[in-house]
Amino acid sequence: MNALRATFQHGATDKNAELTFRKGAPAPKPQVNCRQLCFFGAFFLPVSKLLEAPSLLARYAAGDLLVPALLQYILQTLALVTLLFVLSRLDKPYLQAIADRFGEWTARIFCFVYAAYFLFSALLPLLDLEKFVYAAFYDTAPTGFTFAPFFILSAYFCVKGIKALARSADLSLFLFLFPFIALMAMSVGQTDFSAVLPIFGEPIKGTFKGFLSTAPHFSDVALFLPLFCGYRYKKGDGKKIVLSYWAGAAFVLFFLVVFLGIFTSLAPREHYAFIKVAQYFPALSTVGRLDLLFSYFLTVILFFYGCLPILYTVEFFSAGIDTDKRVLPSAILNVALLVFVLYFNQRYNALYKIFENAYPVFWVFSVLLPVLSLFLLLKKRKKEKDGGRGMLKAKKKEKKYA
């Protein structure tokens with residue numbers, strides 16, 4: 001069980017750190033720090049919402065596409081604040097707290113359930129990423145194995161563990177901020193900002209449908225949770241993480257306004273949004289498609305994001321079977337996913353319908369289970385309360401017989 005508790009705390013390849021943990025020595029420095037979590041929320045997660053989510057929101061909510069997106073962010077923020085509150089009251093990483101409070105097998109089941117969830121959640125984004133790569137990087141139809149090198153990157157990430165993802169979050173500041181600002185600067189001149197007015201001008205049914213259909217794109221707290229398994233909360237971290245998450249939300253919401261203002265009624269059919277918004281910038285006719293250079297920087301983060309659920313699947317599965325060996329699970333999983341992509345790239349619509357109706361699954365893992373983390377505190381508080389009553393009774397008894 002010691003290896004299970006140490007899995008996220010010390011990483012996949014740091015065997016000496018795990019051995020130190022087993023001997024009961026003080027835990028080494030956690031894998032993830034507050035700065036990396038802030039960058040993850042502000043610059044890493046937004047890119048995933050600049051691909052297919054804008055056209056999906058425009059399809060259902062039309063001019064009110066900001067409303068379902070804002071509701072999604074509010075829902076995720078409530079779950080994130082709850083999870084951070086729980087972490088602020090714990091003196092140990094999240095996964096270790098589950099194991100200590102509810103037992104080894106509860107922690108194992110938790111790991112296996114989340115591994116299954118992340119495997120499922122990886123399927124449609126992989127197909128979206130493959131189609132995006134073919135559309136953005138190739139003028140002619142590529143061969144079926146053109147996307148295969150992505151799984152080499154994914155396998156590398158899975159072997160290196162959470163620490164590699166944390167370092168990618170650091171890189172996301174440079175890969176996201178300047179390219180995003182440049183693309184928006186090139187786009188605002190062609191944007192009709194009145195396209196989003198009036199707010200609440202569309203039927204509520206379409207807005208609600210957009211809210212349900214985009215749940216897979218906004219399940220951010222589920223992506224935060226594995227990082228919290230290797231993180232120790234410090235005072236003030238919660239505010240920084242939530243504010244950073246809303247900085248990322250501001251980027252996405254502003255992009256949605258620009259996207260709708262440029263494409264208006266054509267927006268529902270404009271997939272792969274972030275490589276298209278700046279294409280009408282007048283200077284591009286002279287200097288060429290400079291906007292694609294900025295889009296390629298964002299694509300690097302998109303590749304990292306595509307590895308994310310695969311990495312989490314390997315991490316949770318390895319923790320569940322109590323091993324620090326990731327090479328074999330990583331190889332098997334990435335080969336299986338390559339076969340999946342090759343088989344399902346012509347069956348995209350069937351898989352899309354499954355995901356569109358699977359929004360309850362994403363809410364369970366990104367909202368409900370993080371909120372249920374409050375039970376990690378409930379038992380502890382009850383125990384402290386009972387202990388306080390016992391001390392009060394002892395004092396009364398001592399006073400009586402004094």
Side-chain angles (χ1 to χ4, degrees), residues 8-9 11-12 29-51 53 72-73 75-84 86-88 93-95 114 118 121-122 125 129 153-154 157-158 160-180 216-234 236-253 255 297-316 362 365-367 370:
F8 290 96
Q9 177 71 6
K29 185 179 180 180
Q31 294 184 81
V32 183
N33 57 44
C34 181
R35 182 195 70 253
Q36 292 165 336
L37 288 170
C38 291
F39 286 176
F40 182 77
F43 310 120
F44 197 101
L45 292 179
V47 177
S48 66
K49 300 165 183 60
L50 308 184
L51 199 61
Q72 293 283 12
Y73 273 113
L75 182 64
Q76 293 297 311
T77 300
L78 293 175
L80 179 61
V81 169
T82 302
L83 198 53
L84 288 169
V86 172
L87 289 170
S88 70
Y94 185 76
L95 184 60
Y114 262 96
F118 284 120
S121 67
L129 184 58
L153 173 66
S154 173
F157 261 70
C158 293
K160 289 299 181 181
I162 296 292
K163 224 165 194 178
L165 177 60
R167 289 169 180 168
S168 300
D170 283 330
L171 290 175
S172 66
L173 168 65
F174 308 101
L175 293 172
F176 177 87
L177 197 56
F178 176 70
F180 181 84
H217 300 277
F218 288 88
S219 300
D220 296 331
V221 178
L223 300 175
F224 267 110
L225 190 142
L227 298 177
F228 290 150
C229 292
Y231 157 75
R232 286 182 180 274
Y233 187 94
K234 294 181 181 179
D237 284 359
K239 294 179 181 178
K240 297 176 184 177
I241 294 171
V242 172
L243 289 175
S244 299
Y245 181 63
W246 271 95
F251 291 137
V252 173
L253 294 174
F255 179 87
F297 280 106
L298 297 180
T299 302
V300 175
I301 304 179
L302 200 60
F303 286 148
F304 292 157
Y305 181 86
C307 298
L308 195 60
I310 307 173
L311 165 63
Y312 286 166
T313 301
V314 173
E315 285 289 311
F316 274 113
F362 292 93
F365 285 91
S366 67
V367 179

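Fair warning: this is a prediction, and the values are worked out from it, not measured in the lab.
Under the 6.0 Å cut-off for aromatic ring centres, Tyr114 and Phe316 qualify, their centroids lying closer than that. For Phe251 and Phe176, the gap between ring centers is short of 6.0 Å. Ring centers of Phe40 and Phe224: under 6.0 Å apart, within the cut-off.
The side chain to side chain contact (heavy atoms under 4.5 Å, CB included) search around Ser121 returns Tyr117, Phe118, Pro309, Phe362, not counting sequence neighbours. Here Thr313 pairs with nothing under the side chain to side chain donor-acceptor pair (under 3.5 Å) rule; sequence neighbours left out. Partners of Leu243 by side chain to side chain contact (heavy atoms under 4.5 Å, CB included), not counting sequence neighbours: none found. Residues passing the side chain to side chain contact (heavy atoms under 4.5 Å, CB included) test with Thr77, sequence neighbours excluded: Val81, Val242, Tyr245, Trp246.
When all heavy atoms of Arg167 and Gln36 are compared, the closest pair comes out as N-NE2, 4.3 Å. Of all heavy-atom pairs between Ala247 and Ala42, the closest is CB-CB, 4.4 Å. Between Leu129 and Gly306, the closest heavy-atom pair is CD2-CA, 4.4 Å. Contact record, Gln76 with Ser219: OE1-C, 3.8 Å, taken as the closest heavy-atom pair. Of all heavy-atom pairs between Pro370 and Leu83, the closest is O-CD1, 4.1 Å. For the residue pair Ala166 and Val32, the shortest heavy atom distance occurs at CB-CG2, 4.3 Å.
Each side chain to side chain donor-acceptor pair (under 3.5 Å) pair with one or both residues in residues 41-51, not counting sequence neighbours, appears once here: Lys49-Asp220. Screening residues 32-45 for salt bridge (Lys or Arg N to Asp or Glu O under 4.0 Å) gives Arg35-Asp170 as the qualifying pairs, with residues at least two apart or on separate chains.
Aromatic ring pairs are classed by plane angle as parallel below 30°, tilted from 30° to 60° and perpendicular above 60°; the pair Phe44 and Phe304 is parallel.
The distance from the CG atom of Leu80 to the CG atom of Leu75 is 11.5 Å, given to the nearest 0.5 Å. Here the OG-CD1 distance, from Ser154 to Ile310, works out to 3.5 Å after rounding to the nearest 0.5 Å. Put simply, CG on Leu298 and CG on Leu177 are 10.5 Å apart, with the number rounded to the nearest 0.5 Å. From Lys234, atom NZ reaches atom CG of Asn33 across 8.0 Å, with rounding to the nearest 0.5 Å. Summarising the geometry, atom SG belonging to Cys38 is positioned 11.5 Å from atom CG belonging to Leu173; distances are rounded to the nearest 0.5 Å. To the nearest 0.5 angstrom, Arg232 atom CZ is 11.0 Å from Leu87 atom CG.
Considering only heavy atoms from C-beta on, Leu45 comes within 4.5 Å of Tyr305 through its side chain. Using a 4.5 Å heavy-atom cutoff, the side chains of Phe365 and Val221 are not in contact.
Among Ile162, Leu95, Leu165, the one residue that satisfies the side-chain contact (heavy atoms from CB on, under 4.5 Å) test with Glu315 is Ile162.
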Give the C-alpha distance, both sets of side-chain angles, the deciding distance and a yes or no for side-chain contact (heavy atoms from CB on, under 4.5 Å) between Phe43 and Leu175.
CA-CA 8 Å; Phe43 310 120; Leu175 293 172; over 6 Å; no
From CA spacing to verdict: side-chain contact (heavy atoms from CB on, under 4.5 Å), Phe180, Leu50
CA-CA 11 Å; Phe180 181 84; Leu50 308 184; 4.1 Å; yes
Check step by step if side-chain contact (heavy atoms from CB on, under 4.5 Å) holds for Tyr231 and Asp237.
CA-CA 11 Å; Tyr231 157 75; Asp237 284 359; 2.8 Å; yes
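A donor-acceptor pair under 3.5 Å links the side-chain atoms of Tyr233 to the main chain of Gly238, judged by distance alone. Side-chain atoms of Tyr312 never come within 3.5 Å of backbone atoms of Pro226 as a donor-acceptor pair (strictly under, hydrogens ignored).
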